[in-house]
Visitor: 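Got a structure for you, questions after.
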Amino acid sequence: MIRRLKRSELPEDTEALARYLIGKTVVHKAVSGRIVETEAYVIGDAAGHAYRGPTPRNHSLFLKLGHAYVYVVYGRLKLLNVSSERAGVGAGVLIRALEPIEGVAIMQRRRGTSQLRDLTRGPGCLTVAIGVSMRHDGVDLCNGGPLWLGSAAKPAGPIGISVRIGLTREAHRRLRFYERGNPFVSGPRRLNA
DNA sequence: AGTGCGATTGACT
DNA sequence: GTCAATCGCACTA
């Protein structure tokens, strides 16, 4: 059974949090998914949105561990992150892919497809499927609210590590984590060995 | 005040 | 495999 994760259970360190979240769950009301792919955007990371200091857009990255940072990219896609580190430090973990658990019919309706594999594979897809929007930017994921992090639905399998996807800066850093062999992991085949 | 550009997706060859 | 869509925001002036 899935239970709410307490803030004290989450590793404060960004890279440790990214690894820790593999196999855990994201729950939004009646819809949930198992996290199978993450990326760490660490302290002092030139590829991170917090790199040049706080702005109205990246404010949530500076909240204490366990808050949502949601932002829009390419003018239409919402991406979900979990803030890491202490309050005032800008860093976080991008949730890149989920394995659907509950609310599959709702996800199918929201995504406009019945293909299970296409529901939550990719960071811009999963936010649509679980109904995350800009309203959730800055919300606390550990305070009993409708959007929360849950315990592992089943233990994580072997963890793979690769470079992060789609970056131009800091492109060599191996800060992407995924469950090996899981069909819901996004990204090119060569990175998912 | 104007401009350039993404932590991607999906349609098309 | 290639490539356009799309717009809020940070950066320059």
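The sequence lines fix the lettering, A, B, ..., with proteins before strands; numbering per chain opens at 1. Quick note: numbers below take in every heavy atom, side chains included, and nothing from hydrogens, waters or symmetry partners.
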Visitor: Give the first and the last nucleotide of DNA chain B, reading 5' to 3', that has any atom under 4.0 Å from a heavy atom of chain A.
Guide: B:dG6 to B:dG10

Visitor: Is there a donor-acceptor pair closer than 3.5 Å between any side-chain N or O of A:S60 and the backbone N or O of A:G138?
Guide: yes

Visitor: For A:R190, does the CZ atom sit with more than 12 other heavy atoms under 6.0 Å from it, leaving out its own atoms?
Guide: no

Visitor: Using a strict 4.0 Å threshold on nitrogen-to-oxygen distance, state whether A:K154 and A:E179 make a salt bridge.
Guide: no

Visitor: Donor-acceptor pair, distance only, cut-off 3.5 Å: does the side chain of A:H67 make one with the backbone of A:K64?
Guide: yes

Visitor: Could you tell me the separation between the CG atom of A:L77 and the P atom of C:dA5, rounded to a whole number of Å?
Guide: 15 Å

Visitor: Assess whether a salt bridge exists between A:D140 and A:R7, defined as any Lys/Arg side-chain N lying under 4.0 Å from an Asp/Glu carboxylate O.
Guide: yes

Visitor: How far does NE2 of A:H28 sit from OG of A:S133, to the nearest 0.5 angstrom?
Guide: 7.5 Å

Visitor: Could you give the distance from CG (A:L80) to OG1 (A:T127), rounded to the nearest 0.5 Å?
Guide: 7.5 Å

Visitor: Please give the stem ranges for DNA chain B, sorted by first residue number, where a stem is three or more consecutive Watson-Crick or G-U pairs and both donor-acceptor distances are under 3.5 Å.
Guide: B:1-6 with C:7-12, B:8-12 with C:1-5

Visitor: Over how many whole Å does the gap from A:Y51 atom OH to C:dC11 atom P extend?
Guide: 12 Å

Visitor: Between A:F184 and A:R34, is there a cation-pi geometry (under 6.0 Å to ring centre, at most 45° from the normal)?
Guide: no

Visitor: Atom CG of A:N58 to atom P of C:dA10: distance rounded to whole Å?
Guide: 7 Å

Visitor: Does A:R52 place a side-chain N or O at less than 4.0 Å from the phosphate oxygens OP1/OP2 of C:dA10?
Guide: no

Visitor: Is a side-chain donor-acceptor pair under 3.5 Å present for A:N192 with A:R176?
Guide: yes

Visitor: Go nucleotide by nucleotide along DNA chain C from the 5' end; which of A:R57 and A:G75 gets its closest nucleotide reached first?
Guide: A:G75

Visitor: So which of residues 81-97 of chain A are in contact with DNA chain B, with a heavy-atom cut-off of under 4.0 Å?
Guide: A:N81, A:L94, A:R96

Visitor: Do A:E85 and A:D13 have side chains that get closer than 4.5 Å, going by heavy atoms?
Guide: yes

Visitor: Tell me whether A:E9 is salt-bridged to A:K24, with the criterion being a basic N under 4.0 Å from an acidic carboxylate O.
Guide: no

Visitor: Both A:V72 and A:R76 contact DNA chain C. Which one's nearest nucleotide lies toward the 5' end?
Guide: A:R76

Visitor: Any base atoms under 4.0 Å from A:R111, or only sugar-phosphate, or nothing? Heavy atoms, all strands.
Guide: sugar-phosphate

